[in-house]
Amino acid sequence: MIPRAALALLVLLTGCGAAADQPEPVTERPPAIVAVSAEGAVVADNRARAFYGLDRSGTELWRDHAAYAGGGDVICQARCPDPVFSGSAEAADPEPRSLSGVFAPSDARVKRVLTARDASDAVIVESDGAEEGSLRLIRPSGKDVRIHLNGAFSWAEDASRTTAVATSGKQALWFRHDRRGWREVARDTLAEPVRSLCASGTTAVVKGERAYMLTGSDKPVPITTSLPVVAGCAAGTQGLVVYAYWRDGGNRRFTGISGVDSLGRQTWSREIADEAWIRAHPSGTTFVITYGGAAEVIDPVGRTVARHSGTASAAYTADGELALLTTEGKLRWPAH
């Protein structure tokens, strides 16, 4: 998911930094894959001012201008491009909805669907817009579970959609998903308020004054790199990269990327003279970097192992298949 709207209280961030850490909006930014599965993808198209869903062959199945114009978010249910729309950039959030109608009704003023297999298996963050809110776990059997939140909130989910780390204030909450739905399995308490940046099955990265790596059992590990700040990260079970954005005196955009080991130390670094987007293979054995109309696949030490020209956006499925959205808006699935 790529959240787009700022909430009154609960700031939803998945692999994104604060406004000061991120690149400034680009009016003609190319289409981007928001979510993907083996069956298809959901795309955010800034030029068309719409979200749209593509099946695996690249056939467009639906297009939605209203959610995009309203600053809403879109996620996939069990398969892409079966969507759930929620949230708004202004005023109270509308009811979350799928293509078939209302999805998981809520009376809350703020109601954002974070993840969902279907309407009986989902997680929604709810608030009246004041200083507190709750995380609502809708489970396939039994009553909804509500977890109290106090302070700004964030959610980061791994590629398999079975592990997630949420933050509320100084708390980092670990969640696992199984046939009974989502459940909280552990908590970390940090010395300062933090927000989630990314998660894998075993590791999460959160950020306060600095970035930390969490494993759910040991103490938070500070991340030390040559980057001036950490805006986001991409994580797999065996690898992690962090990145930052900046501009030089001539207003040219740059992206810095650093590999990080299990002790939080930088293992390699790279600077790209462009605005780049980075996503991890679920295993963390490769990462895909998209910039300048091309996708570059790198290994855990930063070496290029493949390059795909004519690419606007790229992402891995939960099974590790690489999906490419061409600059012409078509889906490609390159062979392994």
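- Taken to the nearest 0.5 Å, the CG atom of D55 stands 4.5 Å off from the CG atom of L61.
- Closest approach of L54 and E60 over heavy atoms only: CD2-CA, 3.7 Å.
- Heavy-atom minimum distance, G201 versus T163: CA-OG1, 3.7 Å.
- Proximity of I298 to T286: side-chain heavy atoms (C-beta onward) are nowhere separated by under 4.5 Å.
- T327 places no side-chain N or O within donor-acceptor distance of the main-chain N or O of A312, the cut-off being under 3.5 Å.
- With sequence neighbours excluded, the residues that form a salt bridge (charged side-chain N to carboxylate O under 4.0 Å, His left out) with R307 are E296.
- Taking both residues in full, the closest heavy atoms of A244 and L227 are given as N-CD1, 4.1 Å, listed atom of the first, atom of the second, then distance.
- Taking the six-membered ring for Trp, F51 and W62 have ring centres at least 6.0 Å apart.
- Hydrophobic cluster membership for V185: V165, W174, L190, V194, V206, Y212, L214 (Ile, Leu, Val, Met, Phe, Trp, Tyr linked by side-chain heavy atoms under 4.5 Å, directly or transitively).
- Looking only at side-chain heavy atoms (C-beta outward), R139 and V145 come within less than 4.5 Å of each other.
- Partner C233 forms a side-chain contact (heavy atoms from CB on, under 4.5 Å) with one of V242, I223, I278 and no other, that one being V242.
- Side-chain atoms of S106 and E95 include no donor-acceptor pair closer than 3.5 Å.
- A cation-pi geometry, defined here as NZ or CZ lying under 6.0 Å from the six-membered ring centre and within 45° of its normal, holds between R97 and F85.
- P83 and Q77 get closest at one heavy-atom pair: O-NE2, 3.3 Å.
- Ion pair D274/R252 not flagged as a salt bridge, since none of the NZ, NE, NH1 or NH2 atoms sits closer than 4.0 Å to an Asp/Glu carboxylate oxygen.
- Residues D121 and W182 meet the side-chain proximity criterion, which asks for heavy atoms closer than 4.5 Å.
- When the shell of 6.0 Å around CZ of R79 is examined, it contains 12 or fewer heavy atoms from other residues, nucleotides or ligands.
- Counting heavy atoms from C-beta outward, C80 and E39 have side chains that stay 4.5 Å or more apart.
- Between H281 atom NE2 and D319 atom CG the span is 9.0 Å, to the nearest 0.5 Å.
- To the nearest 0.5 Å, atom NZ of residue K330 and atom OG1 of residue T59 are 8.5 Å apart.
- In this structure, R146 pairs ionically with E126, as a charged nitrogen and a carboxylate oxygen lie closer than 4.0 Å.
- Using a cut-off of 4.0 Å between Lys/Arg side-chain N and Asp/Glu carboxylate O, E275 and R253 are scored as salt-bridged.
- The two residues A156 and A199 have their closest heavy-atom pair at O-CB, 3.8 Å.
- For the residue pair R265 and T225, no side-chain donor N or O sits within less than 3.5 Å of a side-chain acceptor on the partner.
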I'd like to know whether D64 forms a side chain to side chain contact (heavy atoms under 4.5 Å, CB included) with Y52, so could you lay out the CA-CA distance, the side-chain angles of the two residues, the decisive distance to 0.1 Å, and finally the verdict. CA-CA 6 Å; D64 193 290; Y52 57 84; over 6 Å; no
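- For Y245 and W277, the ring centers sit closer than 6.0 Å to each other.
- A donor and an acceptor atom, one from each side chain of Q171 and T189, are located under 3.5 Å apart.
- Checking S200 against T237 by side-chain atom types alone, no donor-acceptor pair falls below 3.5 Å.
- In this structure, the side chain of S313 engages the main chain of I33 through a donor-acceptor pair within 3.5 Å.
- Between R112 and D73, at least one side-chain N (NZ, or NE/NH1/NH2) sits under 4.0 Å from a carboxylate O, which counts as a salt bridge.
- Closest approach of A295 and A314 over heavy atoms only: CB-CB, 4.2 Å.
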Practice task
Let me see the working for Y68 and N46 under side chain to side chain donor-acceptor pair (under 3.5 Å), right down to the final yes or no.
Solution key: CA-CA 9 Å; Y68 194 100; N46 185 58; 3.2 Å; yes
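- Counting heavy atoms from C-beta on, the side chains of K111 and R136 never come closer than 4.5 Å.
- Under the side-chain contact (heavy atoms from CB on, under 4.5 Å) test applied with F175, the options L135, V123, T115, T162 reduce to a single match, L135.
- Under a cut-off of 6.0 angstrom, the local environment of CG in D178 is crowded, with over 12 non-hydrogen atoms contributed by other residues, nucleotides or ligands.
- To the nearest 0.5 angstrom, Y243 atom OH is 12.5 Å from S258 atom OG.
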